[in-house]
Amino acid sequence: MTSTSDYQALSFLVVDDDDLMRRQVELVLNQLGIEQVTLLADGQSALHKIIQEETYDVLILDLNMPSIDGIEVIRHLAEAEYDGAIALFSGEDARILKAAESLANAHNLYVLGSLSKPVTADAIESLLNQFKPRDDITRRGSIEKVSPGELADAIARRQIQPFYQPKVRATDKSIASVEVLARWIGDDGGMIPPIAFIPVAEEHDLIDDLTIIVVEHAFEQLGKWRAQGYEFSLGVNISADSLDNVDFPEKLGDIATRNSVPCSSIVLEITESRLMQNLTTSLDVLTRLRLKGFGLSIDDFGTGYSSMDQLKTIPFTELKIDRSFVHGIIDDPAAFAILESSADLAKKLNLTIVAEGVEDQADWDVVVKVGCDLIQGYFIAKPMSGGEFERWVLDWERGNT
Ligand code: C2E
Ligand code: CA
Ligand code: CA
């Protein structure tokens, strides 16, 4: 949401036991031209209203309230599958607000962010700039999972399409690589995000077929781009489940050969949290992939629990720091400490360091400062279809020379 007039139409529920605070928030909202504001003094009546199907676009929730506190309200909202946006606010220190935010996120609630007291118009405005209408949101909880039958059908009909998102070099912003992200384009032209179908594919033994389709498309595309003189590499997401299949390296190698792309121009991104489940076979497969020349990236670094062990055992070439340690890092000292030490560690291990989820200049500045080599995120570009990506490359190169 970008323009002021867009958010003036939103409805707000403000819950705080402090009468003065409620009025203050109302005043600030009115200053921003927002008129639909409901004020309530306690969590119980807020829950009551919400559960009775009153809908609000944004709930501003105080954490410290006497009868039922903000954390309890969050739990009940999650149980009620509340799908409006939530902004938390409190006079407590920033760490407590962050913890409450993480908790709400973990409950799959739609958290806009947090506000410290007293609330200012600027703070509310910057929160609302991130507001997206409900149908745009791809939250885990709100996504309806597809059925395995539908997915198998979509794979057979090749409705799974590759989208591309660039990673650029921190030094000169040149394009180093492009990550392939799967999208399911339905019969009506609508787009289903991977979070709705990748887990289904993994659960129902469809992930290898899906990966092969994405890989065939993307390697063919990379072959064409290389023939046009582009030298960027390609990042492909590989589910840990595919590492149980000892034929996988040969299959991938064959597709690369068929499309005249060297394996060394491909980086396989593997999510660390699921890696170690069948260590012996995974290690066999990963080592043979590496022998063929494929790069190996440890994806979402920092979110799995056995990352250190995996770094020691598996011949990774790249480390991708999870976006939870990247976006908004400037205001989050704990996340910054993790980002900085992950980058140091990667440097010592001679790995290419990628920061994902860079959404603004502030994020960019911090990740460059800690020594990330490659940068990816909405600040540079969103994932795009092959055609859009080609147009984007031309624009980007024009702007960068
Ligand atoms: P991932 O590998 O961590 O991919 C990055 C995700 O972050 C993508 O979501 C991307 O669109 C999103 N993203 C990129 N930049 C930003 C940013 O600046 N801010 C924010 N908030 N998000 C950003 P997407 O495309 O929805 O993919 C979600 C996940 O689905 C991927 O996470 C990956 O784990 C999985 N996935 C996608 N395609 C495939 C595939 O072909 N095979 C497998 N196995 N998994 C896939
Ligand atoms: Ca990835
Ligand atoms: Ca990630």
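Heavy atoms only: backbone and side chains are in, while hydrogens, waters and symmetry mates are out. Each ligand, and each atom within it, is numbered from 1 in the order the structure gives.
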Among the N, O or S atoms of Glu269, which one sits nearest to the Ca ion (ligand 2)?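 Of all N, O or S atoms belonging to Glu269, OE1 is the one nearest the Ca ion (ligand 2).
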Check: [X] N/O within less than 3.5 Å of ligand 1 N/O:
{"X": "Glu269", "value": "no"}
{"X": "Glu202", "value": "no"}
{"X": "Val214", "value": "no"}
{"X": "Glu359", "value": "yes"}

Which is it for Asp18 and Lys117 under the salt bridge (Lys or Arg N to Asp or Glu O under 4.0 Å) test, yes or no, and what are the steps along the way? CA-CA 11 Å; Asp18 183 338; Lys117 292 181 179 180; 5.6 Å; no
Heavy atoms only, cut-off 4.0 Å: how does [X] contact ligand 1, side chain, backbone, both, or neither?
{"X": "Lys382", "answer": "neither"}
{"X": "Glu356", "answer": "side chain"}
{"X": "Lys320", "answer": "neither"}
{"X": "Pro194", "answer": "side chain"}
{"X": "Pro383", "answer": "side chain"}
{"X": "Asp300", "answer": "side chain"}
{"X": "Ile198", "answer": "side chain"}
{"X": "Val358", "answer": "backbone"}

Testing Lys320, Lys167, Glu356 one by one against Gln376 for a side chain to side chain donor-acceptor pair (under 3.5 Å), which residue passes?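 When side chain to side chain donor-acceptor pair (under 3.5 Å) is applied between Gln376 and each of Lys320, Lys167, Glu356, only Lys320 qualifies.
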Can you name the atoms of ligand 1, numbered from 1 with element, that are less than 4.0 Å from a heavy atom of [X]?
{"X": "Arg183", "answer": "11 (O), 24 (P), 25 (O)"}
{"X": "Gln165", "answer": "14 (C), 15 (N)"}
{"X": "Glu179", "answer": "2 (O), 4 (O)"}
{"X": "Asp299", "answer": "2 (O)"}

Is the side chain of [X] donor-acceptor paired with the backbone N or O of [Y] at a distance under 3.5 Å, no angle test?
{"X": "Asp360", "Y": "Ala362", "answer": "yes"}
{"X": "Asn30", "Y": "Ile34", "answer": "yes"}
{"X": "Asp373", "Y": "Ile353", "answer": "yes"}

Does [X] put an N, O or S atom under 3.0 Å from the Ca ion (ligand 2)?
{"X": "Glu356", "result": "no"}
{"X": "Asp300", "result": "no"}
{"X": "Asn237", "result": "yes"}

OE2 (Glu179) to the Ca ion (ligand 2) to OD2 (Asp299): angle, nearest 10 degrees?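 If I round to 10°, I get 170°.
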Taking the side chain as every heavy atom from C-beta outward, state whether Leu206 and Phe197 have any pair of such atoms under 4.5 Å apart.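 No, side chains not in contact.
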A cation-pi test, strictly: NZ or CZ of Lys292 under 6.0 Å from the centre of the six-membered ring of Phe294 and no more than 45 degrees from its axis. Yes or no?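 No, a cation-pi geometry is absent between Lys292 and Phe294.
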Please determine if [X] and [Y] form a salt bridge, counting it only when a charged side-chain N lies under 4.0 Å from a carboxylate O.
{"X": "Arg258", "Y": "Asp254", "value": "no"}
{"X": "Asp187", "Y": "Arg157", "value": "yes"}
{"X": "Asp365", "Y": "Lys369", "value": "no"}
{"X": "Lys382", "Y": "Glu388", "value": "no"}
{"X": "Glu26", "Y": "Arg22", "value": "no"}

What is the minimum heavy-atom distance between Ala176 and Leu374, and which atoms define it?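 Scanning both residues completely, I find the closest heavy atoms to be CB-CD2, 3.6 Å.
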